[in-house]
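Positions are given from 1 along the sequence.
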Amino acid sequence: MRNHQQGKTDYYTFCTNCAETGVEKWVVYFDVMTCIYYDKAGNKILKEDIPV
C-alpha cells in the first residue's frame, strides 16, 4: 500500500498486492476521512487516515 501511495504502482498492481496479502475489500468513509481494509472473514486488517 505504501508503494501505491507513493505512486510506484498502478491500480491493478495495488489490487493484486492487496489480494495476495489477504485483503478482500476496503471501504472508504468520507465522513471521517478513513479507509479500512478487511479480510475475507470481515476482520479489520488496517485503518488509514485519508490526508485532507
Ignoring hydrogens and angles, write down the donor-acceptor pairs under 3.5 Å from the side chains of residues 44-52, residues two or more places apart or on other chains.
unit_1, atom_1, unit_2, atom_2, d
Glu48, OE1, Gln5, NE2, 3.4
Glu48, OE1, Tyr37, OH, 3.0
Glu48, OE2, Gln5, NE2, 2.7

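Among residues two or more places apart in sequence or in another chain, the ring pair (Phe, Tyr, Trp, His ring centres under 6.0 Å) test is passed with Tyr29 by none. Applying the side chain to side chain donor-acceptor pair (under 3.5 Å) criterion to Thr34, with sequence neighbours excluded, gives no partner residue. Scanning for side chain to side chain donor-acceptor pair (under 3.5 Å) contacts around Thr9 gives His4, with sequence neighbours left out. Under the rule for a side chain to side chain contact (heavy atoms under 4.5 Å, CB included), the partners of Thr21 that lie at least two apart in sequence or sit in another chain are Val23. Partners of Ala41 according to the side chain to side chain contact (heavy atoms under 4.5 Å, CB included) rule, which considers only residues two or more places apart in sequence or in another chain, are Asp39, Asn43. With sequence neighbours left out, Lys40 forms a side chain to side chain contact (heavy atoms under 4.5 Å, CB included) with Glu24. By the side chain to side chain donor-acceptor pair (under 3.5 Å) test, Glu20 pairs with no residue at all, sequence neighbours left out.
Residues Phe14 and Val27 fall into different hydrophobic clusters, defined by Ile, Leu, Val, Met, Phe, Trp and Tyr side chains chained together at heavy-atom separations under 4.5 Å.
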